[in-house]
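Here's the structure, in structure tokens; my notes come after.
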Amino acid sequence: MSQAPVVHGFVAQGFEPVRDAFAQNLASGEELGATFSVVQDGETIIDLYGGVRDEDRSEPLGPDDLFNVWSTTKGMAAISLGIAVERGLLDYRAPVATYWPEFAVHGKEAITVETLLSHASGIQGADTQATTEELLDIPAFADRLASQAPLFPPGSANAYNAGVFGHWVDALLRRTDGRSLKDFFADEVAIPLKADVWIGLPEDQHHRRAPIVAPWASSLATAPPQTDPIIKSAMGSPRMSPLQANRPDWIAAGNGAAGGSANARGIARVYGALARGGELDGVRIISPEGVALASAQRREGKDKVLGVWVRWAAGFILSSKGLYGPNDTSFGHSGWGGSFGFADPVNKLGVSYAMNLMAPNLAGDPRGGRLVAETYRCLGLG
């Protein structure tokens, strides 16, 4: 008989069923290495990790190991810009061109910051073929995007900016604050909150990154090329590959759309602060009004790239149909393959799940979903 997987970390009294569900995920073979964390009203009540770092199962996952969390990173970029808005550096309702004059070409003069952040600008990615190396040159690629024409009338629809959302935030921060998104997030969010989340991981920390594993990657590589120009620009230029997340240049670049390095503990601390109106452990990163403004709904509709109905705030996804627990006021972001983080302001919860074995989905991974459902049941809210 194979040995049952070891679950490390802790749960507060009454949350033992969450630990059991976490162990069942590991034992099922659906998981390699994973983390799950919940902060309730400033107190960490669940912090679990277990499994292995690699596909060969040769090394156990450590307590401080990190994962590429793909688009879960977008939530970290969104709150960074929210802080800049609160400081008066820019306004969600102002035209992007107010801060970035070069953006005002090809009919983009009136596109507002919130239209851009809610994936409704008509620019989802490069409209000509691009390489991963080009994508990772964040300022240069942002300039390339700014020179393009929209692929649909701005504000008329949503089309997910899968690989470039962070380029927009980086460009706006550089032009208003002077710092890159990578540095702004570290200085204003991660370091003050002691949250182990990085948008661009320093080289001396790369050893902590557990490799992303995607057994189904080969099927993506052989899938027919996308012909829809909107989807092609979002997902095919450069074409998304799960294993590119293991490249050292990807890990270091500071791509705020899909390149964050984190574990659930770190992400849950950020959302734990937002769930309390921007404060955790006596450290305030933003006011309650700033959180409310950043997380207010801007748009909703069937996304032209994702193909599903999405409620968008200023960079955050708003919960619907139980995506982030039972409250539609919850907000956060999910990542390709399963990771997510969200804030539930009603119950003052910050919740996150991160792992190394990707599943073929963008949101709604059953592994993390079980953990969230069990958490709410233990709270008497499920």
- Message: Under the rule for salt bridge (Lys or Arg N to Asp or Glu O under 4.0 Å), what residues qualify as partners of D65, not counting sequence neighbours?
- Response: R53
- Task: Just jot down the salt bridge (Lys or Arg N to Asp or Glu O under 4.0 Å) partners of R174, sequence neighbours excluded, or say none.
- Result: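 Result, salt bridge (Lys or Arg N to Asp or Glu O under 4.0 Å) vs R174: D170.
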Identify the two heavy atoms, one from [X] and one from [Y], that lie closest to each other, and give their separation to 0.1 Å.
X    : Y    : answer
A157 : K304 : CB-CE, 3.4 Å
M240 : G163 : CE-CA, 3.6 Å
I231 : V305 : CG1-CA, 4.2 Å
T72  : G341 : CG2-N, 3.9 Å
L181 : A77  : CD2-CB, 3.8 Å
A262 : V197 : CB-CG1, 3.9 Å

- Would S118 and R299 satisfy side chain to side chain donor-acceptor pair (under 3.5 Å), going step by step from the backbone distance to the final call? CA-CA 7 Å; S118 58; R299 301 184 55 83; 4.8 Å; no
- Message: Determine whether N68 and W250 satisfy the following criterion, side chain to side chain donor-acceptor pair (under 3.5 Å), listing intermediate values before the conclusion.
- Response: CA-CA 10 Å; N68 191 86; W250 180 280; 3.0 Å; yes
With a 4.5 Å heavy-atom cut-off, do [X] and [Y] have their side chains touching?
X    : Y    : result
V11  : I45  : no
P17  : C378 : yes
L135 : V164 : yes
V169 : L117 : yes
V213 : M358 : no
L172 : L90  : yes
L61  : F67  : yes

Each residue besides [X] in its hydrophobic cluster should be listed here, by chain and number; the cluster joins Ile, Leu, Val, Met, Phe, Trp and Tyr at side-chain heavy-atom distances under 4.5 Å.
X    : result
I251 : L66, W198, L201
V105 : none
I138 : none

- Item | Summary of salt bridge (charged side-chain N to carboxylate O under 4.0 Å, His left out) pairs that have at least one residue in residues 127-146, sequence neighbours excluded |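 Residue pairs passing salt bridge (charged side-chain N to carboxylate O under 4.0 Å, His left out), neighbours aside: E133-R247, E134-R144, D143-R175.
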- Note on the structure: So salt bridge (charged side-chain N to carboxylate O under 4.0 Å, His left out) across residues 321-337, not counting sequence neighbours, yields none
Test side-chain hydrogen bond (donor to acceptor under 3.5 Å, both in side chains) applied to [X] - qualifying residues, sequence neighbours left out:
X    : answer
K108 : none
T44  : none
E279 : R276
Y353 : E31, R367

- Query: Can you list the steps and then say if Y376 with N327 is a side chain to side chain donor-acceptor pair (under 3.5 Å)?
  - Reply: CA-CA 11 Å; Y376 277 96; N327 298 307; 4.9 Å; no
Answer yes or no: is there a donor N or O on one side and an acceptor on the other, between the side chain of [X] and the main chain of [Y], under 3.5 Å?
X    : Y    : answer
D228 : I230 : yes
S319 : S330 : no
N356 : I212 : no

- Message: Quiz question: by atom type and distance under 3.5 Å, do the side chains of Y324 and S334 form a donor-acceptor pair?
- Response: yes
- Message: Taking the basic N atoms (NZ, or NE/NH1/NH2) and the acidic carboxylate oxygens, is any pair closer than 4.0 Å for D187 and R179?
- Response: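 R179 and D187: salt-bridged.
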- Is a salt bridge present between R19 and E374, judged by a nitrogen-to-oxygen distance below 4.0 Å? no
- Query: H8 and ring-ring contact (aromatic ring centres under 6.0 Å, His included): which partner among Y49, F36, F22?
  - Reply: Y49
- Message: Quick check on the 6.0 Å ring-centre criterion: do F165 and H119 meet it?
- Response: yes
- Specify whether Y271 and F331 have parallel, tilted or perpendicular ring planes, treating 30° as the upper limit for parallel and 60° as the lower limit for perpendicular. perpendicular
- Among pairs that include at least one residue of residues 281-298, which meet side-chain hydrogen bond (donor to acceptor under 3.5 Å, both in side chains), considering only residues two or more places apart or in two chains? E86-S287, E114-R298, R269-D281, S287-E289, Q297-E300, Q297-R311
